[in-house]
Structures are given as structure tokens and as C-alpha cells.
Amino acid sequence: MKDFEFPIFKTKKTPYKKFLLEDPSQRQKYFKYKAGPEIKKIKNYLKKNTFVAFLMGKKNSGKGTHSKMFMEAIGADNIAHIAVGDIVRSVHRDLENPKKKKELISFLKQRYRGFMPLEKAMDVILGRDLITLLPTEIILALVEHEIGKLKGKAVFIDGFPRNLDQISYSLYFRALMGYRDDPDFFIFIDVPDSVIDERIKNRVVCPVCNAPRSLKLMRTQEIGYDKIKKEFYLKCDNSSCKSKGSRMIAKASDALGMAPLKERIALDEKIARSLIDLQGVPKVFLRNGIPAKDAKNIADDYELTPAYSYELDKKGGIKVIEKPWVIKGEKGIPSHSLLPPAIAISLIKQLTKVLEL
């Protein structure tokens, strides 16, 4: 964030122990070594308590990745990640199912309070009205409906507030959805534009669990090769995926990088910057880029993002080539990007302080 210097969180620990962070079993050992006591405290807290965390950062800054990595470290039984955009899309599907439509409409008639008639809001969701914007009040009701399915889980909310007019709503979001005295806080994620651009261009997701990875920057343990298309691909390694090993796929539009998203990214940054000054709500700061000259004192070498490439060996096996990835920070300073597990450690340790554990 250009006019705010995010603090640097040190993840380096002695004695030095190296872990292969692309290996799920190794990641579990890594989490335990780097933040075992804090993970235990959070697990105990979540047995009887919840929290509401608002993920703030530019589009494609890793909000979903970091929350899901946190859930991998802590366990997903008592935590959920909610993407507001996904909720609106799922409502579109629900409205095509007579039983689900009846239940949803009944809920909205009880909980929705707004100036737009409910029938018109449904037309907007279904795409019959392409001009009118969906009002914040209906979005709040839809999110509340989704949270009601979670049976008291702690939640990471991704995609709200989405514009400057929604900021005031976010301050009372916890009360609106019935979480009463459970703590809420903002998680700010700072990522250089150069990292976002490369992430988008090389991003792939699991078609089953939607876990995101990167062919270049965050590979999975298993790599495949498509002989027909003559291209390498990743296989999902998310431990909670119902179809572990599925081929991860890219979106065609991702080849353009962040170019089509510049206006959206600028607005996201403006919203986050306005909330940084907000008083009375705890804040967690997650910083992706660290100065290259200081990296050896801040993080262990395997926590820095490498750049991967692949080639076939003489026997038809897949050879993974790994090289250090140096990026240009926001101020033009040569920097390294941290891998998501390292940023999850920062989140875990800061969260224990926010929750006063």
C-alpha cells in the first residue's frame, strides 16, 4: 500500500529446520514447529468461541489462499471462508431449484430490509436486469443466510466491504448477523503489483475444492504432463479435497494478468487504506514482500517464493527446476515474496494477540 508501510513480521526460527512447503505433510510439521503453542491456543478457543475476520486487500492479493492456509494449519472444522461474490453466484443456482428458492425467499422476506423490492433484487441476481446494481442490503441478507448454514463457525469474509459506501455497514456487520460479542477484526494484506500480475498469469485452481495454486510460484507436490497438449500441470494436494489429485486448471482470461483489473485493484486499495485509520477494531497486517537485503534475518530460505519451471528428462520423468524469484517492491526495492505458509504463520501469531489468548 503506497502510503502506508506494513510492518515486517519475522518468521525465522532457531534451530534451523527445513521443510518442503509444497508437501502437505511437511507443511503440518512446519506449522507445528513455527507456531505450535499458538495453534493449540486457537484450537482451544474455537471449541466454544468464534470470530469474524474481514479480509482486506487488492483483488488477487491472496485473501482466499491465506485464509485456507490458516484453516489447513488450525483445522477447518470450526472455521469457514466466505466469498461474497461466490454467494451471489450460488444464489443464482438456488433460485433455479424450487425447494431452495422457496426457502431462500422465505428467509429474505423475514430478514431483508431495503428500498429495492425483493422481486426486483431477484431479477438483478438472475441477470434479467443488467442495469441495476445489487443493493448492499440484499447482499447483507444473503451473507447472513449463508452464515446461518455454518452453525456457529468462525468466519473469514472475503469481498466485503466492496466499495466506499459499504464501509459503514461493515462496522456493524457482526451485530447484523447475530455474532453478538464475538470479536471482529480486519486482516490487511499487502502485495506488490508485480506479484499479483505473475500470480494471475500462472494461477490454477482445483475444479473440486477451488484451492488455488500457481504453476510458477506455488506448486503442488505432484506434477503431471499432458502429452497431447504438451504442457505441465499441477495435481491438487489439498488434504480436505474430496477428489485429491484432480488436475488443476487455469482460466483463459488469466493470461492477461492484472491489466483488466487495474480500476478494481485501485478501488480495493483505497477502501483498505481508509479502514487502516479506523479506531476501535483490531487489525492484523500481512506483508508479502520483504527487502532482499534483509531476507536472511527475517525468514528461512525455504519460506521465500521460488520460481519453478519444468522439463522432461530422458526417461520421460518430470524435472522441477527451482530458482530464486526476485521481485520489484512497491518502491522499486529488490524484494522476495513469501510463500503462503509463512504468511499463515504471521496470521496465526498475530491472531493470538488479537484474541488475547
Side-chain angles (χ1 to χ4, degrees), residues 38-39 41-59 61-88 90-91 107 111-113 136-189 268 271-286 343-344 346-357:
E38 290 84 358
I39 290 173
K41 288 179 181 178
I42 294 174
K43 283 184 174 181
N44 288 333
Y45 170 86
L46 289 172
K47 289 178 181 178
K48 296 182 179 180
N49 305 281
T50 66
F51 60 73
V52 179
F54 294 92
L55 294 159
M56 303 302 304
K58 293 176 283 191
K59 186 174 178 61
S61 60
K63 296 186 287 291
T65 298
H66 298 321
S67 58
K68 288 178 181 178
M69 193 61 65
F70 175 88
M71 291 162 65
E72 182 179 316
I74 302 297
D77 291 344
N78 297 310
I79 315 170
H81 169 261
I82 293 177
V84 173
D86 289 344
I87 291 174
V88 175
S90 69
V91 168
F107 175 87
R111 300 297 299 169
Y112 169 60
R113 298 291 184 273
T136 296
E137 292 85 357
I138 195 72
I139 293 174
L140 286 172
L142 293 175
V143 174
E144 183 183 1
H145 180 256
E146 186 69 20
I147 288 174
K149 303 175 186 177
L150 300 177
K151 299 178 181 179
K153 290 186 177 183
V155 291
F156 288 98
I157 297 178
D158 179 353
F160 189 89
R162 188 172 171 80
N163 58 53
L164 294 172
D165 293 337
Q166 291 180 346
I167 288 178
S168 59
Y169 284 95
S170 68
L171 306 184
Y172 304 100
F173 199 85
R174 177 186 63 181
L176 286 169
M177 63 190 186
Y179 267 58
R180 300 179 301 277
D181 295 327
D182 292 327
D184 58 346
F185 51 92
F186 287 100
I187 299 174
F188 295 94
I189 304 171
D268 288 340
I271 293 168
R273 183 63 189 88
S274 66
L275 286 168
I276 283 177
D277 295 328
L278 181 69
Q279 303 299 306
V281 181
K283 304 173 185 68
V284 170
F285 296 99
L286 304 180
I343 296 174
S346 174
L347 173 55
I348 289 165
K349 288 183 174 288
Q350 292 185 64
L351 185 55
T352 56
K353 294 181 180 180
V354 166
L355 298 175
E356 298 180 350
L357 302 179

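Just so it is clear, the model here is predicted, and its values are computed rather than measured.
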Using every non-hydrogen atom in the two residues, find where Gln350 and Phe285 come nearest and quote the distance to one decimal. NE2-O, 2.8 Å
So, taking the atom named CD1 in Ile157 and the one named CG in Asp184, what distance separates them when rounded to the nearest 0.5 Å? 9.0 Å
Is there a side chain to side chain contact (heavy atoms under 4.5 Å, CB included) between Arg111 and His145 once you walk through the steps? CA-CA 9 Å; Arg111 300 297 299 169; His145 180 256; over 6 Å; no
Would you call the rings of Phe156 and Phe70 parallel, tilted or perpendicular, where under 30° means parallel and over 60° means perpendicular? perpendicular
Evaluate side chain to side chain contact (heavy atoms under 4.5 Å, CB included) for Val155 paired with Thr50, printing each intermediate quantity in order. CA-CA 8 Å; Val155 291; Thr50 66; over 6 Å; no
Straight-line distance of Lys59 NZ to Asp158 CG, nearest 0.5 Å: 8.5 Å
List the atom of Ala76, the atom of Lys153, and the distance in Å for their closest heavy-atom pair. O-NZ, 3.9 Å
Minimal heavy-atom distance between Leu46 and Ala154, with the atoms involved, is CD2-CB, 3.7 Å
So, for Ile39 and Ala73, which heavy atoms are closest and what is the spacing to 0.1 Å? CG2-O, 3.9 Å
By the definition side-chain contact (heavy atoms from CB on, under 4.5 Å), identify the one residue from Leu275, Leu286, Val284 that meets it with Phe188. Leu275
Roughly how far, to the nearest 0.5 Å, is the CG atom of Leu55 from the CD1 atom of Ile187? 5.0 Å
Which heavy atom of Ile79 sits nearest to which heavy atom of Met71, and what is that distance? O-CE, 3.6 Å
Taking Gln279 for its side chain and Asp277 for its backbone only, find out whether a donor-acceptor pair lies under 3.5 Å. yes
Looking at OG of Ser61 and CG of Asp268, how far apart are the two atoms once the value is rounded to the nearest 0.5 Å? 7.5 Å
What is the distance from atom NZ of Lys63 to atom NE2 of His66, rounded to the nearest 0.5 Å? 9.5 Å
Has Lys48 got more than 12 heavy atoms of other residues, nucleotides or ligands less than 6.0 Å from its NZ? no
What I'd like to find out is whether the side chain of Asn49 reaches to under 4.5 Å of the side chain of Phe51, using heavy atoms alone. no
Reported NZ-to-CG distance for the pair Lys47 and Asp77, which is rounded to 0.5 angstrom: 11.0 Å
